[in-house]
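We name chains A, B, ... by the order of the sequence lines, and we start the count at 1 in each one.
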2 protein chains.
Amino acid sequence: MDGWLRLLKQKDKRTIARLITKIEDGSPEKNQLLEKIFPETGKTFLIGLTGPPGAGKSSLIDGLITKIRQVGLSVGVIAVDPTSPFTGGAMLGDRVRMTKHALDTDVFIRSMGSRGNVGGLSRSTREAVRVLDAAGFDVVLIETVGVGQAELEIMHLADTVLLVLNPGAGDIVQVFKAGIMEIADLFVVNKADLSGANRLVTEIEELLDLQQWEWRPPIVQTIASLNQGISECWSQIIKHRQHLEETGEWVKRRQNHLRQEVLELLEDSFYQFLKQEMKKPEFEAELEQVALRRKVPHQVARIWLNRILFGKKE
Amino acid sequence: MDGWLRLLKQKDKRTIARLITKIEDGSPEKNQLLEKIFPETGKTFLIGLTGPPGAGKSSLIDGLITKIRQVGLSVGVIAVDPTSPFTGGAMLGDRVRMTKHALDTDVFIRSMGSRGNVGGLSRSTREAVRVLDAAGFDVVLIETVGVGQAELEIMHLADTVLLVLNPGAGDIVQVFKAGIMEIADLFVVNKADLSGANRLVTEIEELLDLQQWEWRPPIVQTIASLNQGISECWSQIIKHRQHLEETGEWVKRRQNHLRQEVLELLEDSFYQFLKQEMKKPEFEAELEQVALRRKVPHQVARIWLNRILFGKKE
């Protein structure tokens with residue numbers, strides 16, 4: 001076994017941090033490293049947390065880290081902020097948490113931003129999770145700020161997804177429209193001491209009533225800043241995991257995630273291949289026709305795909 | 001000519017709105033409609049505006065609309081909010097503007113959110129712009145909130161990109177790290193009456209000094225809420241357009257946008273094709289091997305791409 005892999009499996013913080021940085025930076029050895037750690041992965045329980053800014057996700061994660069350590073498990077955290085660099089919230093929250101758990105080798109916390117790396121954030125997140133998985137963390141929490149498209153993609157990586165809301169988060173109906181309904185396994189109404197918390201719970205219940213559920217997402221009320229409701233939250237997470245295992249959904253979900261991963265890798269390679277193809281003079285000529293509005297983009301795309309896949313000429 | 005196309009070219013607001021809705025909803029006739037309007041497009045001047053929330057983009061756009069109408073041009077606006085539904089800012093700003101220009105047939109304003117349509121927002125935006133282009137609007141403004149990855153993608157559609165900042169927008173160095181530097185053609189320091197405005201201008205200048213520019217992005221100071229600096233902003237936009245035309249960059253940029261579009265359409269079709277391929281039992285068997293950690297995802301992706309593109313078997 002390589003020295004770095006041994007250190008990784010000892011949860012050596014410096015080794016973990018270096019590996020993730022290499023992945024984020026798209027180092028040339030990246031794929032080789034990922035292939036090497038892959039056989040060591042697949043064991044961690046991956047929990048995603050999302051919700052609007054200010055919902056109190058950071059406090060909730062703080063509470064969950066403490067709870068998870070109490071039950072004797074190790075935990076890694078990846079805080080992803082796709083809107084970075086303009087919001088520094090996640091980073092600040094991290095620093096606080098990092099100081100608190102700096103000496104605990106069974107806790108590792110890392111922030112990831114977009115670094116101008118358009119489109120690759122969910123991929124880098126998946127790869128960073130894999131590093132923590134290989135390191136042997138029992139649980140990995142992925143936190144995202146907001147529920148835009150990047151965040152949704154990232155939540156699709158998780159085994160269990162928590163949607164964190166609070167009474168001030170705006171129109172709940174909008175949340176459901178955004179495609180979150182399909183991925184939330186558990187609702188957390190945080191800041192449950194604020195007025196409007198009961199109304200929010202009722203609103204969620206009413207929306208959940210609109211359809212049949214194999215697993216009806218439970219609603220947990222927390223006051224994370226006072227450490228209230230965290231145990232209940234954790235036990236609902238465990239219940240969801242048991243549900244996944246009992247129904248075979250656990251294996252199915254993970255198989256789907258791997259399918260999605262291979263699909264994305266295939267797409268990436270195809271994209272690289274296409275970019276080369278499109279440098280050919282024949283393609284430039286077609287593009288010229290499009291620029292002159294003599295052909296439409298859809299038509300050209302159709303013709304070229306047929307050529308590439310089946311060698312057909314129109 | 002179809003009746004709807006005639007109405008579209010008369011800038012009939014209801015026809016425009018309906019077409020954009022069909023595109024947003026992914027109606028089955030969408031591609032056919034887009035193919036039909038494509039020959040009518042390529043004439044509009046497409047200006048992108050981005051920047052952090054609260055920078056005053058809405059007021060700036062208000063001012064620009066008035067200015068553009070004064071010089072006798074028609075203008076369409078697409079306000080894109082990728083973080084929607086949680087932030088309603090753009091929508092609110094729109095409503096104000098819409099009321100103001102409701103009776104002016106040469107102004108059309110439309111909001112677009114992500115609608116849970118993961119990954120497709122820049123595509124829908126491009127298509128909506130095409131509708132306004134076919135309708136004959138001389139200028140189209142695209143506004144995005146924030147500078148995450150979705151916003152960057154959208155800004156890549158534009159001929160001229162404005163980055164709107166204000167003295168309170170946080171560390172300017174971060175903006176440059178986010179990949180905005182490469183796409184901003186013009187900096188607008190809004191709320192220029194606030195303290196710190198001069199310092200912000202100096203900071204931008206210093207960062208611009210770090211490299212050589214064919215077109216060094218000018219910095220315009222505005223107080224959009226008081227309608228100050230708007231004329232200067234508009235004349236810098238026009239200067240940039242002249243620069244693009246004189247250097248041949250105009251044609252090159254547009255050719256690149258079309259190349260990108262065909263590339264994306266090809267990718268989409270390939271993705272659909274892949275999803276079918278991956279339903280084959282041979283593929284499921286490979287995936288099983290990955291789930292058991294006997295093969296790694298990269299390896300499987302490599303093998304399948306070779307099979308698909310070249311019929312090779314490993």
**Complete:** If you tally heavy-atom pairs under 4.5 Å between each of B:E264, B:Q255, B:H257 and chain A, the highest tally belongs to B:Q255
**Message:** So for A:Q260, is it side chain, backbone, both, or neither that comes closer than 4.5 Å to the heavy atoms of chain B?
**Reply:** side chain
**Item:** Interchain contact, A:E286 with chain B, by part (heavy-atom threshold 4.5 Å)
**Value:** neither
**Any donor-acceptor N or O pair under 3.5 Å, side chains A:R302, B:S269** = no
**Prompt:** For the candidates A:K275, A:R294, A:E267, which exhibits the highest count of non-hydrogen atom pairs separated by less than 4.5 Å from chain B?
**Reply:** A:E267
**Non-hydrogen atoms of B:F270 and A:L266 that approach each other most closely** = CE2-O, 4.2 Å
**Prompt:** Side chain, backbone, both or neither: which part of B:R254 has an atom under 4.5 Å from a heavy atom of chain A?
**Reply:** neither
**pair A:R293-B:E40: side-chain heavy atoms closer than 4.5 Å** = no
**Message:** Please report the interatomic distance CD(A:Q32) to NE2(B:H298), rounded to the nearest 0.5 Å.
**Reply:** 11.5 Å
**Complete:** Correct closest heavy-atom pair for A:R130 and B:P297 would be NH1-CG, 4.3 Å
**Message:** To check you understand the geometry: which heavy-atom pair defines the closest contact between A:L258 and B:A291, and what is its length?
**Reply:** CD1-CA, 3.5 Å
**Prompt:** Are more than 12 heavy atoms from other residues, nucleotides or ligands located less than 6.0 Å from atom NZ of A:K252?
**Reply:** no
**Request:** Could you tell me whether the side chain of A:V262 reaches within less than 4.5 Å of the side chain of B:M278, counting heavy atoms only?
**Result:** yes
**Asked** Of the listed residues (B:E277, B:E288, B:E284, B:K295), which shares the most heavy-atom pairs with chain A below a 4.5 Å separation?
**Response** B:E284
**Item:** Engaged part of B:L34 at the chain A interface, taking heavy atoms whose separation is under 4.5 Å
**Value:** side chain
**Asked** Taking every heavy-atom pair that is under 4.5 Å apart, which of A:V290, A:V251, A:L263 has the most such pairs with chain B?
**Response** A:L263
**Side chain, backbone, both or neither of B:E261 within contact of chain A (heavy atoms, under 4.5 Å)** = side chain
